[in-house]
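Take a look at the structure set out below.
Note: hydrogens, waters and symmetry copies are ignored here, and every other heavy atom, side chains too, is used. Below, read A as the first sequence line, B as the second, and so on, with proteins coming before strands; counting in each chain starts at 1.
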2 protein chains.
Amino acid sequence: MTSTEHVEGHPRKIDPDALFERLDDYMTRKGLRSTSQRRVIAETFFDSPKHVTIDELLAAVREREPRIGYATVYRTLKLFAECGIAAERNFGDGQTRYELSEEATDHHHDHLICNQCGRIIEFHDDRIEKLQEQVAKELGFDISSHKHEIYGDCNRTECVAEGRRKAPRR
Amino acid sequence: MTSTEHVEGHPRKIDPDALFERLDDYMTRKGLRSTSQRRVIAETFFDSPKHVTIDELLAAVREREPRIGYATVYRTLKLFAECGIAAERNFGDGQTRYELSEEATDHHHDHLICNQCGRIIEFHDDRIEKLQEQVAKELGFDISSHKHEIYGDCNRTECVAEGRRKAPRR
DNA sequence: GTATGTGCAAATGTTTTGCACGTAC
DNA sequence: GTACGTGCAAAACATTTGCACATAC
């Protein structure tokens, strides 16, 4: 067993019920309403591959409910982020992406992004986490979140073959 | 001596001549031209506090040359980034910021950003750098760059007093 | 002289907002 | 019934682009 773990960027087995509950609690607390749109968007989001863009999510949502609008998806994902079940990510390609938050998955991770094929791999290293806490402490900071992204070439044969198709803007 | 260092986000003593030379070399190599606008923008950028936005830079540039346009500053900073003297940064407030690149300053660093006052502190920790190389290596990645940003509250009395004025969107 | 650069305004792409209508509570 | 939510289109924002004119080489 090492202190580093990693995983490909795809949906992890989570318990949707717990997430719905968390969302409902938040909405009740804030006097917000449970609507069919919010339910559909939540279901779709929980089923989505990680790091979805609003466009991708909207397309998936519209397969179930074609009349749902752009703005609703934007607003709903902001809500999910506020309530703590979703996290906003920005990998420099100009589109905000969303994934389940670390509280929701009980699993903090950072990202390795391939410049060539755009593949996103998650990693987690306790030693790095500890050191970063130490750095912040020395400077008197209370950490609320962090972002650690490593960009590079993943060197898979498929990737080298594929070339630059999906590479994020760098 | 420890393996962590840090510094406030303000201009470090650099040698502008070396940077101009680097820029000139790049332009010559690429068949690009040395214009008065590019010179003024370069001078202003070298004198700027770190992490300037295009707006801030444009304002400073126009104090010297009021007729310089937005697009020119955008295009010129892209050029600086390509040539390796500037680095693009994005701290989640929707505006791209530029700072001298690590090659230009001979000093790689990462960032601690205060959620309350927006203050940006640079840090560098060799142990984290090493661990991150190790993680990438295990996954077969060749690192080209990385981004490590820690967000939190800096807890200075001034900051607590100032409140949320300049806080980046989070 | 010609290719490259500039300034302006218009276009682009993403995200946000105003508003009339709809709906949860 | 009322406050909140939705869909649409328009606005807002940062950034990029097209084009006529200017300028470095």
Task: Rounded distance (nearest 0.5 Å) linking atom CD1 of Ile128(A) with atom CD of Glu129(B) - done: 9.5 Å
Task: Close side-chain approach of Asn90(A) and Asn90(B), heavy atoms under 4.5 Å - done: no
Task: Which residue lies more 5' along DNA chain C, comparing Thr35(B) with Tyr74(A) via nearest heavy atoms - done: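 Comparing both residues, the 5'-ward one is Thr35(B).
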What is the separation between atom [atom1] on [X] and atom [atom2] on [N], rounded to the nearest whole Å?
| X | N | atom1 | atom2 | value |
| --- | --- | --- | --- | --- |
| Arg29(A) | dC25(C) | CZ | P | 16 Å |
| Met27(B) | dA24(D) | CE | C1' | 11 Å |
| Lys78(B) | dG5(C) | NZ | P | 16 Å |
| Leu58(B) | dC13(D) | CG | P | 17 Å |
| Leu32(A) | dT23(C) | CG | P | 19 Å |
| Gln95(B) | dA12(D) | CD | P | 17 Å |
| Leu23(A) | dG5(D) | CG | C1' | 14 Å |
| Leu79(B) | dG5(C) | CG | P | 8 Å |

Below 4.0 angstrom from OP1 or OP2 of [N], is there any side-chain N or O of [X]?
| X | N | value |
| --- | --- | --- |
| Thr72(A) | dT6(D) | no |
| Thr96(A) | dT15(C) | yes |
| Gln37(A) | dG22(C) | no |

Open item on the list: Can you work out whether Ser36(A) or Arg33(B) has the more 5'-proximal nearest nucleotide on DNA chain D?
Closed with: Ser36(A)
- [ ] Assign each of Gly31(A) and Ser34(B) to its nearest nucleotide of DNA chain D by heavy atoms, then name whichever residue's nucleotide is nearer the 5' end.
- [x]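 Taking each residue's closest nucleotide, the earlier one in sequence belongs to Gly31(A).
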Task: Glu122(B) and Lys50(B) ion-paired at < 4.0 Å - done: yes
- [ ] Decide if the gap between the ring center of His108(B) and the ring center of His146(B) is smaller than 6.0 angstrom.
- [x] yes
- [ ] Measure from the ring center of His109(A) to the ring center of His124(A) and say whether it is less than 6.0 Å.
- [x]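 Centroid separation for His109(A) and His124(A): 6.0 Å or greater.
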Considering only nitrogen or oxygen atoms on both sides, find all protein atoms under 3.5 Å from nucleotides 8-11 of chain D and state each distance.
residue : atom : partner  : partner atom : Å
dC8(D)  : OP1  : Arg67(A) : NH1          : 3.3

Identify all side-chain donor-acceptor contacts of residues 55-64 of chain A below 3.5 Å with residues at least two apart in sequence or on another chain.
residue  : atom : partner  : partner atom : Å
Asp55(A) : OD1  : Tyr70(A) : OH           : 2.4
Asp55(A) : OD2  : Gln95(A) : NE2          : 3.3
Glu56(A) : OE1  : Thr53(A) : N            : 2.9
Arg62(A) : NE   : Ile68(A) : O            : 2.8
Arg62(A) : NH2  : Ile68(A) : O            : 3.0
Arg64(A) : NH1  : Glu43(A) : OE1          : 2.5
Arg64(A) : NH2  : Asp47(A) : OD2          : 3.4

Open item on the list: According to ring pair (Phe, Tyr, Trp, His ring centres under 6.0 Å), who are the partners of Tyr26(A), at least two apart in sequence or on a separate chain?
Closed with: none
